[in-house]
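To start, the structure under review is shown below, and the notes come after it.
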Amino acid sequence: MIKRAMALCLLLGSAAAAQAGDPPRFDVAITVDDLPAHGQLPPGTTRADIARRFLATLKAHHVAEAYGFVNARGLAEDPASDAVLTLWRKAGYPLANHSYSHLNLDGAPSLDAWQADVIAGEPALERHMGKGDWHWLRFPNLSSGKDATRHDGAAAFLKQRGYRIASVSLAFEDWDYSDAYARCRAQGDDRMIAAMKRHYLAVVDQAIARAKANAQRVHGRPIPHVLLLHVGAWTADTLPDVMARLDAAGARYIPLAQAEADPAYAQAEALPGGGGIIERVAQAQGIALPADSAPASEIDLRQACRAPG
């Protein structure tokens, strides 16, 4: 009787949750680009401060793994920023390669030059990761080679060195806000910061809904998503609100390898081009996606909080 009563309680609880409209499960791997340094620093903030806030929020939302993609040139430019990589590893999160200098594959003077930049990023990863798996590559600007020869050459090079490609299906364009935020913080312009935040969180809501809907349109099913964020002050300070929205959308946080094992990723990575995987496959297959309906904003992020003249 006791077991039957417990089973009935579980069944009723599940039914109540369904009636409450709990969203379907939404698998997301969290990845963070541009370690150790992204964007300008607001006054009184260090790179280590940003990393601590970032990591505290991820831990609070039970994110078991968050790959940090490293541009090792930042360590040469600011040796103190090595603390960011140390903090990341102490949190139990792995690091991987974003090329030494964030060199865009399509913008590189040659494929050889790009390959050399990838290799130059490896010593810092070996030092911090030891025997851990750092053989993931995030293409800078998500540019994987518009020209088939360069695309295929890069893919062969990465395979030969044991890399897997860390593609992306979900992003909120957080990079656009980073420098404007630092300027506004320097000026103490709380009104502009509040307006930026309202717009950004509306973009987050729209991007989550769009990624879910477009995966269904292109692949006929939900897919696990890989979210791209950047290790800047703006993203660290808005991350609690972003994670709350992901949670409300049904997010369950999974490892990068689990997401990238879905066939949708290999399908996109075989295609020249770049950008998000859903859009790449849609373009290749002639699938029309609805126009991006990102909320309009009167804020010019390039000019926000700039001194006149």
Side-chain angles (χ1 to χ4, degrees), residues 21-34 38-39 42 50 53-63 65-69 138 141-142 166-182 184-185 190-218 222-254 256 259 275-279 289-302 304:
D22 284 357
R25 177 168 171 150
F26 175 47
D27 286 345
V28 182
I30 305 289
T31 65
V32 185
D33 278 13
D34 292 358
H38 171 80
I50 292 169
R53 290 200 295 275
F54 226 109
L55 293 165
T57 302
L58 294 178
K59 292 294 185 181
H61 288 264
H62 310 291
V63 176
E65 179 195 275
Y67 260 93
F69 287 87
R138 166 70 45 76
N141 309 121
L142 302 184
S167 296
V168 170
S169 65
L170 178 63
F172 307 139
E173 299 186 0
D174 56 330
W175 58 87
D176 275 346
Y177 297 78
S178 298
D179 290 348
Y181 180 57
C184 291
R185 282 272 302 273
D190 294 337
R191 178 178 292 185
M192 178 61 76
I193 291 171
M196 288 167 55
K197 186 174 180 180
R198 284 193 299 272
H199 181 259
Y200 176 63
L201 294 177
V203 169
V204 169
D205 290 336
Q206 190 271 344
I208 293 171
R210 179 179 172 83
K212 288 182 172 183
N214 283 348
Q216 192 68 40
R217 289 185 182 99
V218 174
I223 66 169
H225 288 272
V226 177
L227 171 62
L228 165 62
L229 298 170
H230 290 77
V231 70
W234 168 262
T235 310
D237 290 349
T238 57
L239 192 58
D241 291 307
V242 170
M243 295 301 296
R245 280 162 164 75
L246 287 167
D247 290 348
R252 299 294 183 273
Y253 302 108
I254 64 172
L256 176 62
I277 64 157
I278 299 171
E279 291 76 15
L289 298 178
D292 190 350
S293 57
S297 174
E298 296 180 359
I299 302 169
D300 183 347
L301 293 171
R302 291 170 296 180

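This is a predicted model, so every value here is computed, not measured.
Side-chain atoms of F172 and T235, non-hydrogen and from C-beta on, never get closer than 4.5 Å to each other. For the pair I223/V218, no side-chain contact is recorded, criterion being any heavy-atom separation below 4.5 Å from C-beta on. Side-chain contact between D33 and H38 is absent, with no heavy-atom pair separated by less than 4.5 Å. Side-chain contact between L58 and Y253: absent, with no pair of heavy atoms (C-beta onward) separated by less than 4.5 Å. Residues T57 and V242 are not in side-chain contact: their nearest non-hydrogen atoms beyond the backbone lie 4.5 Å or more apart.
Distance check: F69 CZ to L229 CG gives 12.0 Å after rounding to the nearest 0.5 Å. With rounding to the nearest 0.5 angstrom, the NE2 atom of H62 is 10.0 Å from the CE atom of M243. Rounding to the nearest 0.5 Å places CG of L170 at 11.0 Å from CG of N214. In this structure, the separation between CG on L228 and CG on D174 is 6.5 Å, given to the nearest 0.5 Å.
Residues forming a side-chain hydrogen bond (donor to acceptor under 3.5 Å, both in side chains) with D176 (at least two apart in sequence, or on another chain): none. Partners of K197 under the side-chain hydrogen bond (donor to acceptor under 3.5 Å, both in side chains) rule, at least two apart in sequence or in another chain, are D241.
In this structure, H225 has its ring center closer than 6.0 angstrom to the ring center of F26.
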- Message: Quick one, R245 with D205, criterion side-chain contact (heavy atoms from CB on, under 4.5 Å). Give me CA distance, side-chain angles, the key distance, then yes/no.
- Response: CA-CA 7 Å; R245 280 162 164 75; D205 290 336; 3.1 Å; yes

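Remark: the H230 side chain and the S178 side chain contain no N/O donor-acceptor pair separated by less than 3.5 Å. Judged by distance alone, the side chains of D247 and H61 do bring a donor and an acceptor atom under 3.5 Å apart.
The only option from D190, D179, D237 that meets the salt bridge (charged side-chain N to carboxylate O under 4.0 Å, His left out) definition with R185 turns out to be D237.
Using the six-membered ring where Trp is involved, W234 and Y181 have ring planes that are perpendicular, over 60° apart on the 30 and 60° scheme.
Listed here is the closest heavy atom pair of D34 and V231: O-CG1, 3.5 Å. Nearest heavy atoms, L256 versus A29: CA-CB, 3.8 Å. Of all heavy-atom pairs between R138 and S167, the closest is NH2-O, 3.8 Å. When all heavy atoms are compared, the tightest approach of A249 to K212 is O-NZ, 2.7 Å. In terms of heavy atoms, P224 sits closest to I254 at CB-CD1, 3.9 Å. For the pair M196 and I299, the tightest heavy-atom approach, listed with the atom from each and the gap, is N-CD1, 3.6 Å.
Judged purely by atom type and a 3.5 angstrom limit, T31 uses its side chain to pair as donor or acceptor with the backbone of L227.
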